[in-house]
Amino acid sequence: MMPSELTRDTMELSSESLHAFMISLKQRNPGEPEFIQAVQEVAESLWPFLEEHPEYMEAQIMRRLTEPDRMVMFRVSWQDDSGKIQVNRGYRIQFNGAIGPYKGGLRFHPSVNLGILKFLAFEQILKNSLTGLPMGGGKGGSDFDPKGKSDTEVMKFCQSFMTELARHIGTNVDVPAGDIGVGSREIGYLFGQYRRMENEFTGTITGKGMEYGGSFIRSEATGYGCVYFAAEMLKTRDDSLAGKRCLVSGSGNVAQYTVEKLLELGAIALTVSDSSGTVLVPEGIDSEKLAFIMDLKNERRGKIKEFAEKYDLEYRPGEKPWNVPCDIAFPSATQNEIDGDDARNLVANGCIAVSEGANMPTTAAGVEVFQKAEILFGPGKAANAGGVAVSGMEMTQNSLRLSWTREELDLKLRDIMRNIHEKCVSYGREGEYVNYVKGANIAGFVKVADAMLAHGVV
Ligand code: NDP
Ligand code: 2IT
């Protein structure tokens, strides 16, 4: 049969080819390239494993795992400071709840659409599974752009967004958190409206402020965890972060705490960036410069160019950091920010490791370059799982009505990152080389798939 003749029904085979599976996926999800990209990467590394485990094929686990439990889309109307009515679109994807309540962030960015949120929610299923904590996969957000909006406008938007979202979430149902464009200010407004509507103080959102049920280390967790993961990868080659020249992209939550941990471990962070350009810091970002970046991005909400101006540093408008010679790269801005050419540049300039702080920051072509060069490549669903892991621990603390200390949480975060690394190695070893993509995908999949098998056909 020609691929074009394949239909939904002909897909109901107990053992279908990867090719046929992908054709069917593309037919069912038109106009969603990021979602297709994320599933393709997972399916490619899982397929040989699935063929050795016909029970997953027979139960159509891949078909079921790539079909969200449900997706909610809604209108978000609000009034701007000039009195004009604005309309945005809100989303929540509850992708898979087999191992726990849906869990995943909210992204507010003008590029947000259904396909991007589906890719993020799909990645989140396997990432959350890898943490070892009981969390299903979800994601949500809006095409609302917080940039250039007043605090009052952001608050009004968040209140309107939550007014609809509230009916779909709950401590044991779905627990949102932050992502791009959703930081402590937005989480505060979202939580405020949720608590007001429900008249109940719960842990239904994570990333909360310390005054109202937040957890130590949650802000730091994604960046710290990503650096811990890099350190684990380097250890397999008897190497460490000390003295390593590192490129960090982005200058938001993940980038800031990546830089902070690199500094603490004696590595040299040479760059930060934002959607307008890259700043080079040849001697490495020190704690004074990092404090400036945090104030600039979190409080004054300015552009990274102002950091270059303040310290008389080189600013490369419109450029990404990837042609600066380095030892390690920490992409921490957004999806598909390292393409095949960027990856070739990195490898040619001596890069020995990549630890993905962002979700799917490397294109398929880029991943291929890294793997062919046999450099250490930690995919986002493993390397950036520290954020959601500490979110999971925020949920636990809220349920138990207690607070663990910063030190306790940092130790738990380190343990979780070490465990994730071990799982990647045990499923991803290919001779001398560790294929962390394959390892993360299989290890994340097995727990979810086994839960789905146990639940029967639902
Ligand atoms: P922030 O909003 O705090 O920061 C995002 C940073 O990335 C900013 O510097 C922003 O630049 C830049 N950026 C965003 N979109 C683009 C784009 N399209 N092109 C170029 N630059 C862009 O978000 P986070 O730090 O929280 O998130 C960064 C990445 O990490 C995302 O991929 C997210 O999904 C992932 N992640 C986040 C976790 C978390 O706990 N927050 C957990 C795991 C993964 P500008 O300031 O100009 O907008
Ligand atoms: O991509 C991610 O893992 C996040 N944005 C964090 C999700 C969470 O629930 O903490």
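For ligands, and for the atoms within them, numbers begin at 1 and follow the listed sequence.
- Every atom of ligand 1 with a heavy atom of Arg107 under 4.0 Å away is listed here by number and element: 31 (C), 32 (O), 33 (C), 34 (O).
- Ion pair Glu394/Arg218 not flagged as a salt bridge, since none of the NZ, NE, NH1 or NH2 atoms sits closer than 4.0 Å to an Asp/Glu carboxylate oxygen.
- Contact annotation: for Lys297 versus ligand 1, heavy atoms closer than 4.0 Å belong to the side chain alone.
- For ligand 1 and Thr222, the ligand atoms under 4.0 Å from any heavy atom of the residue are 38 (C), 39 (C), 40 (O), 42 (C), 43 (C).
- Neither the backbone nor the side chain of Glu123 comes within contact range of ligand 2; no heavy atom lies under 4.0 Å.
- Some N or O of Gly178 is nearer than 3.5 Å to an N or O of ligand 2, by distance alone.
- Counting only distance, with no hydrogens or angles, the side chain of Thr271 and the backbone of Val248 share a donor-acceptor pair below 3.5 Å.
- The shell of residues lying under 4.0 angstrom from ligand 1, judged by heavy atoms, includes His109.
- Ligand 1 places these atoms under 4.0 Å from at least one heavy atom of Ser251: 9 (O).
- Atoms of ligand 2 lying under 4.0 Å from at least one heavy atom of Lys127, given by number and element, are 1 (O), 2 (C), 3 (O).
- Only the side chain of Arg218 comes within 4.0 Å of ligand 1, judged by heavy-atom distances.
- Nearest protein heavy-atom contact of atom 24 (P) of ligand 1 is Val254 CG2, 3.9 Å.
- Atom 10 (O) of ligand 2 has its closest protein heavy atom at Ser391 OG, 2.5 Å.
- Ranking the protein heavy atoms by distance from atom 3 (O) of ligand 1 puts Asn253 N, 2.9 Å first.
- Counting only heavy atoms of the protein, atom 14 (C) of ligand 1 lies nearest to Ile180 CD1, 4.0 Å.
- Judged by distance alone, the side chain of Lys149 and the main-chain N or O of Val154 form no donor-acceptor pair under 3.5 Å.
- Taking every non-hydrogen atom of Ser332 and a distance limit under 4.0 Å, the qualifying atoms of ligand 1 come out as 28 (C), 29 (C).
- Atom numbering of ligand 1 starts at 1 in the shown order; those under 4.0 Å from a heavy atom of Gly250 are 9 (O).
- For the pair Lys127 (side chain) and Gly380 (backbone), a donor-acceptor distance under 3.5 Å is absent.
- The distance from ligand 2 to the heavy atoms of Ala177 drops below 4.0 Å at these ligand atoms: 8 (C), 9 (O), 10 (O).
- For atom 6 (C) of ligand 2, the nearest non-hydrogen atom from the set Glu394, Lys103, Arg218 comes from Arg218.
- When non-hydrogen atoms are compared, ligand 1 lies under 4.0 Å from neither the backbone nor the side chain of Ala177.
- Taking atom 4 (C) of ligand 2 as the reference point, the nearest protein heavy-atom neighbour is Lys139 NZ, 3.7 Å.
- Figure legend: Lys261 and Tyr228 shown without cation-pi pairing, the cationic atom not lying both under 6.0 angstrom from the six-membered ring centre and within 45 degrees of its axis.
- Contacts of Asn359 with ligand 2, taken as heavy-atom pairs under 4.0 Å, involve the side chain alone.
- Heavy-atom proximity to atom 29 (C) of ligand 1, evaluated over Ser276, Gly380, Ala333, is greatest for Ala333.
- Closest protein heavy atom to atom 17 (C) of ligand 1: Thr334 CG2, 3.5 Å.
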